[in-house]
Every structure is written in C-alpha cells, then in structure tokens.
K.L.:
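Take this structure, written in structure tokens, and hold onto it; I'll ask about it next.
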Amino acid sequence: MDLLQGLNPAQRQAVEAVDGPVLVIAGPGSGKTRVIVQRIAYLVKTCGVRPYRIIAVTFTNRAARELRERVHRLLGQSVQDLTLGTFHAICARILRIEADDAGLDSSFTIYDAADQTSLLKRTLEDTGIDPKRFSPGALKHAISAAKARLLTPAEFATTRANYFDEVVLRAYERYEERLRQSNALDFDDLIMKVVRLLEGNDRVREKYQSRYVHVLIDEFQDTNLAQYRLARLLAGGSRNLCVVGDPDQSIYAWRQADVGNILNFEKDYPGAQVIKLEQNYRSTQTILEASSEVIAVNRERKAKELWTENQQGLPITVVDALNEQDEALLVVHEIDRLTKEAGRRFSDCAVMYRTNAQSRPLEEAFVRYGLPYHLVGATRFYERREVKDVLAYLRLINNPFDDVNLLRIVNVPSRGIGQRSLDELARWATGESVPIYTALQLLAQSDDPDEQSRSGPELTARALRSLTAFRELIDSLAEAAKQRTVAELVEHVLTQTGYRDHLLASDDRGEERLENVLELRTVAEGQALFDDENALGEFLESIALVSDADDAGERPDSATLITLHQAKGLEFPVVFIVGMEEGVLPHIRSFDDPAQMEEERRLCYVGMTRARERLYLVRAYRRAAMGTRTTNPPSRFLADVPKRLTVSPSRRGRDAVSTPSRPESGRTATRVGTLVLDQTPAPDLKPAPAPFQAGDRVRHEIFGDGIVVTCGVNGVDHEATVAFRGDVGVKRLLLAYAPLEKV
DNA sequence: ATGTTTATTATTTTT
DNA sequence: TAATAAACAT
C-alpha cells in the first residue's frame with residue numbers, strides 16, 4: 001500500500017518531511033487530520049520508526065480519539081504503543097509515573113473548574129480577601145494565567161504590577177498550599193509540573209527525550225507558553241518536532257493561547273520546513289471565498305491563498321430577522337424546508353452562536369415545531385450534581401486528604417453535620433495545617449485520656465459522634481474498595497452511604513438522577529479491564545480529563561446547536577450562524593481591544609468555514625439581552641462578505657404563512673414570515689411604503705382597537721407605535737410580525 | 001435541616 | 001430577565 005497515494009503535493013510533503021522541525025499551516029478543510037494520520041503511518045511503515053518512539057499531542061479528547069481510530073485503521077494493533085492523547089492526559093500520566101521526582105503523591109486528585117472555585121473560595125476566607133471586591137472567577141483566571149506562563153507564586157511576585165496582582169499573589173500562595181495539602185492538582189498544574197520536572201530533573205528529561213524521537217503537536221495555534229515549552233522539551237532530543245495549526249483559527253487567546261507560538265516558529269526553530277496546506281476539500285468556492293474575505297481584514301496575520309476544486313455552489317444567504325424569536329423561527333423553518341424539499345437530514349444542519357444564552361430561543365423554536373435537535377455541551381455528564389457527588393465519594397476513597405470533595409459530601413445525605421460544626425472543624429484543621437480527614441483522625445485520638453492536653457476543636461458531643469461516624473464510613477469504604485471492581489464499588493457506595501435513598505427521596509427527578517449515577521457505574525464496568533490494584537485510580541483519571549460520558553455515541557437524526565468555539569474542528573453541509581450583530585458577534589467586550597476584535601473575526605471565520613454547501617448568516621434587528629432590549633446594527637463581518645456572493649431573500653410576512661410541519665398540539669403556532677430563497681440575488685431590501693399613517697385606526701388580534709401614533713422604518717420593516725384602547729396602552733409593533741389591520 | 005428570600009451575575013471554557 | 005447561589009428564617 002502506498003501511503004502517499006491520494007495526497008496533494010503539499011500534503012505529501014508534510015507527510016514525508018520527517019527530519020527536523022516542521023511547521024504545517026493547515027487551512028480549514030485542508031485535510032489536516034489526514035496528513036497527521038498518514039505521517040504517523042509513514043513514520044512507522046516506511047521509515048521503520050517504532051510506534052513507541054512517537055508522541056502525538058492534541059487539545060481535545062475528540063481529536064485524540066479520532067486520530068487513534070484512523071491510525072488504527074492503517075497500523076492495526078501497533079497504535080497501542082503510540083503515545084497519543086491530550087496535553088493534560090499525557091501530563092497526568094507522566095506525573096503519576098514520575099510522582100516521586102515531581103514531589104507528588106501518585107494518588108493525587110485532579111480538580112476541575114468547579115473544584116478549583118470551591119477551593120479558591122476557602123482560600124479567600126483564609127486570606128481575608130473580600131469576594132465582593134475580587135470575584136473568585138477573576139482570581140481563578142489570574143492564577144490560571146500565571147500557571148500558563150509557568151509562574152510560581154514567588155515568580156509571579158516579581159512580575160506583579162498593581163494592587164490586583166497583589167491580591168492575586170496572596171490568593172495564589174494560599175491556594176497552592178491548600179492544593180498541596182489536599183494532594184490535588186488543577187488542570188494547569190498538570191502541564192506546569194511536567195515542564196518543571198523535565199527542566200529540573202536530568203534523569204527524567206533524558207528518559208523522555210531519548211524515548212520520543214518524533215513529536216507531533218496538533219492545534220499549535222492554541223498552545224500557551226507552558227504547552228509550548230513542553231513541546232520544546234519533548235522534542236529536545238531529536239528536534240523532530242512537527243507542529244500543525246492555523247493562526248486564523250486561534251480563538252483561545254483568552255485562555256492564554258499565544259498565536260506567537262506558531263507565528264514565530266521559524267525563528268525559534270531555524271531551518272524549519274514550512275508547509276502550507278491551502279487546498280480546501282470541504283466548502284464550495286462561494287463559502288471559501290466569502291470566509292477568506294472576512295479573515296483577510298485582520299492585520300496581525302500572514303496571508304494564505306486558499307483554493308478549492310469544489311463547485312461554485314449556492315450563494316450565502318444573509319437574512320435579517322426582527323428579534324431573536326423571529327431569528328429562531330426562521331432557522332427552524334428553513335431546516336424544516338431543507339429536510340422536506342432539499343433531501344437534507346437534520347443531522348446535516350448546525351446552528352452556531354457566539355454565546356450559550358443564544359441557544360434558548362432556538363431551542364424553544366425547535367421544541368415548538370417538533371423538530372429534532374441536540375444542544376452540544378449543555379449539561380455535561382460529569383458536571384451533574386449527582387454524578388459529582390458519587391465521584392466525590394470515589395475520589396475521597398482514593399485520596400482522603402481531598403478537602404474539596406470531602407466537604408462536598410460530608411453531609412450529603414445529611415448526617416447531622418451542620419455548617420457550624422463543619423466550620424469549627426475546618427478552622428481547627430487550618431490552624432493545625434492538616435487536611436480535614438487528618439483532623440478527623442486526630443479527633444479520634446484526642447478521645448484518649450492521655451491526649452486531653454491538646455486543645456481540640458470545640459464540638460458538641462453530637463457533632464463529634466456524627467463526624468466520627470463519617471470518618472468510619474470513609475474508612476470502611478476504602479477497605480471495601482480493595483476487594484471490589486470499580487462498578488461494584490459504585491454500587492457499594494450508593495448503598496452504604498445512603499445516597500441512593502437520598503436521591504430517590506429528595507427530589508421528584510430522583511429516578512432520573514439515579515439513572516445518571518447508574519450510568520456512571522456502566523462507564524466503570526467498561527473499564528473493568530484493568531484489574532490491577534489501582535483500578536480505582538485509573539478510572540478516576542480516565543474521567544477527570546473528559547467532560548462527556550459518551551459524546552462518541554450515535555445520535556438520532558437531529559440538528560446541532562453549538563457555540564462557535566465548540567464548532568472548531570467540525571463540519572456540516574448546512575450551517576447557520578445566528579446573531580450576526582455588533583455586540584454579539586463581535587462580542588461587545590471586544591470593542592475596545594483590537595487584538596480581541598481580531599479574535600472575534602477569527603471566530604466568525606471558524607464558523608463560516610464549518611459549512612460545506614450552504615451557509616446562512618442571520619441577524620436580529622432587536623434582541624433581549626440581560627433584561628434589556630437592544631437594537632444592534634448588523635455585524636461588521638457581514639459587510640466584509642462580498643455582495644456578489646450573497647442573497648438576501650425577501651421575507652413575506654403576514655400573507656405568506658407556511659404551516660410548520662409538526663406543530664405541538666395545544667399551542668398556537670405563531671404567524672411568521674417565510675423565508676423565500678431565490679437564486680437570483682435580490683437587491684438590497686427596502687421596506688415597502690408605510691402601510692399606516694399617524695391617526696389611522698387599526699385593529700390587532702390580541703390588543704384590540706387602537707390609533708397609530710407614529711409609523712416609521714425600522715430596518716427592513718416598519719415599526720408602528722399604536723395607542724390601544726382600554727388598559728392595553730401604547731405598544732410598539734413591528735408590522736411584519738404583528739398582524740395589524742386597518743379599520 | 002429545610003424551604004424561602006435575597007443577592008449576584010451573565011463571553012467564549014479543548015482540559 | 002432569569003438562573004443560581006448564598007443568606008436567612010422557620
């Protein structure tokens with residue numbers, strides 16, 4: 001089999017360039033994944049490199065899984081010897097293996113964002129920082145940023161520039177102490193600690209540098225300093241570092257990603273081969289050209305010449321909606337039409353938006369018209385309360401010093417351990433500089449008469465009894481864990497802690513919650529393959545670094561609702577981008593910073609380039625945002641899409657009512673304009689002459705009779721201010737939406 | 001210890 | 001506006 005077959009010249013070059021540093025700039029839809037897969041296969045099959053000597057790093061589990069599956073198809077079982085995973089998963093593994101040299105206990109717990117916040121709140125109490133003046137969120141972000149820049153508290157101290165940094169430093173120092181005491185690491189630690197370890201420990205560094213002869217990093221534009229340094233260290237032995245990415249798709253600067261890492265690659269690696277993948281296999285010419293025009297406006301970029309052999313395709317549909325409900329209905333109608341008339345499946349369609357809040361009216365419209373959809377990343381499995389509770393028990397069994405998880409479930413289900421007692425216990429533990437679990441152990445000892453001299457926490461006899469019972473519960477669970485599979489342990493925990501009964505009793509959705517917990521058990525059963533003594537640890541690690549239980553699972557045919565960020569790396573035949581408005585996309589928070597504005601533009605570009613055949617850019621004239629209505633001008637990005645590539649269909653309002661396919665019974669279907677797609681580009685929409693004048697008497701279906709006060713143009717529509725009779729009062733109505741008739 | 005009221009906050013969130 | 005968390009009262 002010829003591994004180079006079917007590759008274009010640039011792709012082939014990227015596969016064959018196996019010696020020395022290589023930078024692959026991969027435009028959207030340019031076959032990037034294919035190149036990575038073929039390159040690995042080429043290294044193994046043609047160059048005779050042992051898979052064991054190759055490391056490939058991704059950002060997402062999704063990407064790692066896809067790579068693994070595709071490499072497996074070419075190489076078979078030898079994929080197992082590859083090191084292939086996310087930055088975090090690979091680092092966690094290294095840290096467990098090298099725990100001694102890293103100064104860690106190998107059973108460390110990995111804290112997710114919620115755990116982090118929880119810990120940080122306790123930190124603020126310790127340090128007397130007022131959470132109202134300095135939000136835990138902002139401090140968390142600052143600490144995370146420091147770690148991404150590889151700054152320890154001591155190093156951060158030397159760079160601090162203002163009072164905020166001063167506060168951050170205080171929080172950071174204490175936060176680190178608490179993490180250490182809990183034998184826990186946060187996500188950023190995973191990377192930072194590995195970098196520190198490799199930099200500071202010759203044996204460990206040489207071990208990994210001599211092992212890995214070929215290093216491959218995906219989505220390099222999204223690396224932060226810590227990840228960049230990690231890549232550098234890993235490739236330090238061979239200099240065979242291949243990085244793949246696209247600066248135009250860098251959308252995570254707010255998480256310390258530094259595009260400079262990819263832009264300056266040639267400087268950092270003199271003699272690096274630079275290969276550009278510019279042929280696009282995904283989109284129509286129209287879509288490619290439109291998106292290229294949008295991204296070309298950015299100043300901080302290197303030009304690329306994307307091209308495609310694909311068809312010209314359909315023009316891009318640019319539509320104005322009246323408000324977010326209208327926008328949603330319009331999208332739903334069009335998806336309905338496409339599935340009926342254009343032979344599309346729902347799963348061909350994706351609706352993308354800037355902020356999660358925008359998903360709501362969309363969801364409502366899908367529900368109302370009974371069209372199937374799914375929301376990506378809405379309720380992440382491992383973030384559900386009941387799942388986190390059970391996991392907290394498991395984590396505690398694995399690492400009893402984990403204060404965050406202990407505090408989470410110490411009184412769930414309630415065991416008579418109130419906030420008072422807990423505060424007192426925590427205060428005492430803090431004073432003694434011990435984790436809470438250790439404090440519980442000391443409590444038991446101070447029962448001994450000879451230990452009475454020590455001043456223990458001031459607890460009531462009742463509280464003391466409850467706390468002791470809790471410690472015994474945890475100890476007995478830890479004992480039970482030794483001779484059980486993880487699935488059995490989940491079962492055991494549910495019973496012994498009373499959590500099952502608690503779930504069923506507490507809530508009317510208890511059954512559903514229990515289902516979720518049992519799903520966790522099912523996941524554990526799938527992992528039963530490991531039966532070494534650290535099965536629990538491995539299980540916990542495998543889920544600490546993923547957000548969804550089964551996002552690989554097949555879904556029934558349904559449309560996708562997704563944020564633009566999450567859409568990166570995906571593609572759909574039909575894409576709707578909604579909220580194409582100033583203040584939404586670009587987001588208002590980017591207005592005063594040109595760099596952020598460029599990132600918004602890249603985000604728009606990412607969205608547009610997800611589309612294979614049909615692209616719709618939709619904006620709403622008005623939008624409800626955080627309680628207030630706003631009227632937003634069209635997004636500046638719309639103006640950068642050449643007019644010759646777009647159609648703006650006329651929307652016939654009141655008279656053209658297409659009945660939605662499956663209206664939910666019991667609901668009145670709202671009258672709505674139908675989207676009419678002409679293939680002939682419509683001239684710019686101009687509103688018809690005003691149908692009403694001030695003084696006209698009018699009738700509204702719901703509000704009754706009234707008199708027009710004013711009637712003016714509002715975007716492509718007319719807005720009338722009407723004084724209605726009775727208590728209804730004065731209303732402002734958009735005429736395409738509100739059925740008004742003259743009397 | 002649990003329901004009720006008030007307060008807070010709202011950009012994106014690969015791990 | 002509306003969802004969620006903390007504070008509060010019962």
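Numbered from 1 within each chain, the chains take letters A, B, ... in sequence-line order.
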K.L.:
Show me the pairs that pass salt bridge (Lys or Arg N to Asp or Glu O under 4.0 Å) and involve residues 406-417 of chain A, at least two apart or across chains.
P.N.:
A/Asp389-A/Arg408
K.L.:
Looking at every strand, decide which applies to A/Asp188 at a 4.0 Å heavy-atom threshold: base, sugar-phosphate, or nothing.
P.N.:
nothing
K.L.:
Can you tell me how far C1' of B/dT15 sits from CZ of A/Phe59, to the nearest Å?
P.N.:
9 Å
K.L.:
List in chain and number order the residues that pass side chain to side chain contact (heavy atoms under 4.5 Å, CB included) with A/Ser118, two or more places apart in sequence or in another chain; answer none if no residue qualifies.
P.N.:
A/Val404
K.L.:
Which whole-number value in Å describes the distance from A/Glu364 CD to C/dA2 C1'?
P.N.:
12 Å
K.L.:
Please identify each residue that fulfils side chain to side chain donor-acceptor pair (under 3.5 Å) with A/Asp402, with sequence neighbours left out.
P.N.:
A/Tyr111, A/Asn405
K.L.:
Within the structure shown, what part of the strands sits under 4.0 Å from A/Gly137 by heavy-atom distance: base, sugar-phosphate, or nothing?
P.N.:
nothing
K.L.:
Verify the contact: side-chain N or O of A/Arg360 to OP1 or OP2 of C/dA3, cut-off strictly under 4.0 Å; return yes or no.
P.N.:
yes
K.L.:
Rounded to the nearest Å, what distance is computed from the CD atom of residue A/Glu324 to the P atom of nucleotide C/dT1?
P.N.:
13 Å
K.L.:
Report, one line per pair, each donor and acceptor closer than 3.5 Å where one atom sits in a side chain of residues 251-259 of chain A; sequence neighbours left out.
P.N.:
| residue | atom | partner | partner atom | Å |
| --- | --- | --- | --- | --- |
| A/Trp254 | NE1 | A/Ile251 | O | 3.0 |
| A/Asp258 | OD1 | A/Gly260 | N | 2.8 |

K.L.:
Please enumerate all residues that pass side chain to side chain contact (heavy atoms under 4.5 Å, CB included) together with A/Ala469, with sequence neighbours excluded.
P.N.:
none
K.L.:
Just jot down the side chain to side chain donor-acceptor pair (under 3.5 Å) partners of A/Thr560, sequence neighbours excluded, or say none.
P.N.:
A/His374
K.L.:
When rounded to the nearest Å, what value does the distance between P atoms of B/dT12 and C/dA5 take?
P.N.:
16 Å
K.L.:
In chain order, what residues pass the side chain to side chain donor-acceptor pair (under 3.5 Å) check against A/Ser359, with sequence neighbours excluded?
P.N.:
none
K.L.:
Once you round it to whole Å, what is the distance between P of B/dT15 and NZ of A/Lys568?
P.N.:
11 Å
K.L.:
Going from OG on A/Ser250 to CD on A/Gln221, what distance comes out if it is rounded to the nearest 0.5 angstrom?
P.N.:
6.0 Å
K.L.:
Go through the structure and list residues passing side chain to side chain contact (heavy atoms under 4.5 Å, CB included) with A/Asn298, not counting sequence neighbours.
P.N.:
A/Ile295, A/Arg301, A/Glu598, A/Arg601, A/Arg602
K.L.:
Check side chain to side chain donor-acceptor pair (under 3.5 Å) between A/Thr223 and all other residues, then give those that pass, not counting sequence neighbours.
P.N.:
A/Asn261
K.L.:
Classify every nucleotide of nucleotides 6-13 of chain B by which part a protein heavy atom approaches to under 4.0 Å, writing B for the base, S for the sugar-phosphate alone and - for neither, in 5'-to-3' order.
P.N.:
--S-BBBB
K.L.:
Could you give me the stems involving DNA chain C, meaning stretches of three or more consecutive Watson-Crick or G-U wobble pairs whose two defining distances are both below 3.5 Å?
P.N.:
B:1-10 with C:1-10
K.L.:
Kindly give the atom pairs (protein nitrogen or oxygen, nucleotide nitrogen or oxygen) under 3.5 Å for nucleotides 5-10 of chain C.
P.N.:
| residue | atom | partner | partner atom | Å |
| --- | --- | --- | --- | --- |
| C/dA6 | OP1 | A/Lys121 | NZ | 2.7 |

K.L.:
Base, sugar-phosphate or nothing for A/Arg420? Non-hydrogen atoms, less than 4.0 Å.
P.N.:
nothing
K.L.:
Does the plane of the ring in A/Tyr499 sit parallel, tilted or perpendicular to the ring in A/His502? Use 30° and 60° as the thresholds.
P.N.:
tilted
